[in-house]
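Chain letters run A, B, ... following the sequence lines, proteins first and then strands; every chain starts at 1. As the structure is a prediction and not an experimental result, all values here were calculated from the model.
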Amino acid sequence: FQFQEHVLLQFLGLDKAPSPLKFQSVPYILRKIFQDQEAAATTGVFQDLCYVKQLGVRGNVLRLLPDQGFFLYSKKLSQASSCLQKQLYFNLSAIKEKEELTMVQLGLDLGPNTYYNLGPELELALSLLEEPHVGGEGEGGGSSLPKMGKMLALQSVPWPQGVLYFNLLHVAKDWNNNSKKNLGLFLEILVKGHRDTEVNFQPEDTCARLRHLLHASLLVVTLNPEQCHPSPRKRR
Amino acid sequence: SAIPVPKASCKNLCHRHQLFINFRDLGWHKWIIAPRGFMANYCHGECPFSLTTSLNSSNYAFMQALMSAAHPDVPHAVCIPTRLSPISMLYHDNDDNVILRHYEDMVVDECGCG
């Protein structure tokens, strides 16, 4: 008998044994779902493996996709108050064709919640990208801004910050139907001003801190109809 | 006609045996975040006709044991899992994604003749 690792990996839904280079931290929600399911299995409590009760959606595979985009340092910022510009990109290729998207949530971590480092009020704008960005990446890179499409969110960000969540289900469904449409997102953070005019803050410090702490990830929940039967129709 | 009762000591009868699968043994600990392994267990043991009814057996197993006793060509009822439970796995894939996935029927909770 020869151990057929690839057969076992295929059974687990993998083509080959992963060899991760970067280790993403596991977010609290995934850890919680995992622990709840382990506890239920230990106590023999029935669990519907096709429903994620902690998120309130149907699904049997949860993925946390890392952001593969980059910061943009255009020489001519769109507005003087612009603090940070970043292309966000998530590779959805790991999602199999037969899987149905049931939840796609962008998480933008702007740093820890703290009242000790009060800063200026910020405004966050999130848009779709319509054309791939050309002209280099990183510091000292391109001088032009990428072509933006539909704006998905525009909101003020009062302190403390923490993690902001955005529902991108419809956007991701569109990307999943046609991978060429997935050119990423454009994130811009602007400094709006300070609520307390007596506090002398340095926007540069805030922006540098944000660039250092910003972490984006996409939580994707999918349902494989081969492993999960459709939910029963509700009685009228 | 009377069917001779095969001799089987209690420890040879169909029951669940403990088996822990350690992902380190497979070299999978490099990409599986949790768990470190799981108690998969397995079923093993004899299913003699005389005890088929008491060994958590299906009706079919009882019939098969009866037929096997009468016709040696018919195989004996075998010791199989009768209740299984799932596990959840948290791991990294090749695209550096973190994945949480549930796999049904991974742990043998009960065994019986079938």
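The 12-atom threshold is not exceeded at NE2 of A:H170, counting heavy atoms of other residues, nucleotides or ligands nearer than 6.0 Å. B:H92 NE2: more than 12 foreign heavy atoms inside a 6.0 Å radius. Residue-environment remark: CZ (A:R211) exceeds the threshold of 12 foreign heavy atoms within 6.0 Å. Enclosure of atom CZ in B:F20 by more than 12 non-hydrogen atoms of other residues, nucleotides or ligands within 6.0 angstrom is indicated. The environment of B:H29 atom NE2 is dense: over 12 non-hydrogen atoms of other residues, nucleotides or ligands sit within 6.0 angstrom. The neighbour count for B:N59 CG, taken as heavy atoms of other residues, nucleotides or ligands under 6.0 Å away, does not exceed 12.
Between A:P20 and B:W31, the closest heavy-atom pair is CD-CB, 3.8 Å. A:A41 and B:P86 get closest at one heavy-atom pair: CB-O, 3.8 Å. Nearest heavy atom pair, residue B:P35 against residue A:E38, reads CB-OE2, 3.7 Å. Between A:L49 and B:H102, the closest heavy-atom pair is O-CD2, 3.7 Å.
The part of B:Y91 that comes within reach of chain A is its side chain, from C-beta onward, which places non-hydrogen atoms under 4.5 angstrom from that chain. A:S217 does not touch chain B: none of its heavy atoms, backbone or side chain, sits under 4.5 Å away. Neither the backbone nor the side chain of B:M39 comes within contact range of chain A; no heavy atom of the residue lies under 4.5 Å from a heavy atom of that chain.
Rounding to the nearest 0.5 Å gives a distance of 9.5 Å between CD of A:Q35 and CG of B:L90. To the nearest 0.5 angstrom, B:Y103 atom OH is 8.5 Å from A:Q227 atom CD.
Side-chain contact check for A:L14 versus B:D93: some heavy-atom pair is nearer than 4.5 Å. Side-chain contact check for B:R101 versus A:F34: every heavy-atom pair is 4.5 Å or farther apart. Between B:K30 and A:S19, the closest side-chain pair of non-hydrogen atoms is not below 4.5 Å. Between B:I33 and A:V26, the closest side-chain pair of non-hydrogen atoms falls below 4.5 Å. Between B:N97 and A:F90 there is no side-chain heavy-atom pair separated by less than 4.5 Å. Side-chain contact check for A:K16 versus B:N94: some heavy-atom pair is nearer than 4.5 Å.
Counting heavy-atom pairs closer than 4.5 Å to chain B, the top residue among A:A94, A:S25, A:P27, A:P18 is A:P18. Of the listed residues (B:D96, B:D109, B:I99), the one with the most heavy-atom contacts under 4.5 Å to chain A is B:D96. With chain B as the partner, the residue from A:P66, A:G59, A:A40 showing the most heavy-atom pairs under 4.5 Å is A:P66.
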Quiz prompt | Worked verdict on B:V98 versus A:R63 for side-chain contact (heavy atoms from CB on, under 4.5 Å) | solution = CA-CA 6 Å; B:V98 176; A:R63 290 185 178 87; over 6 Å; no
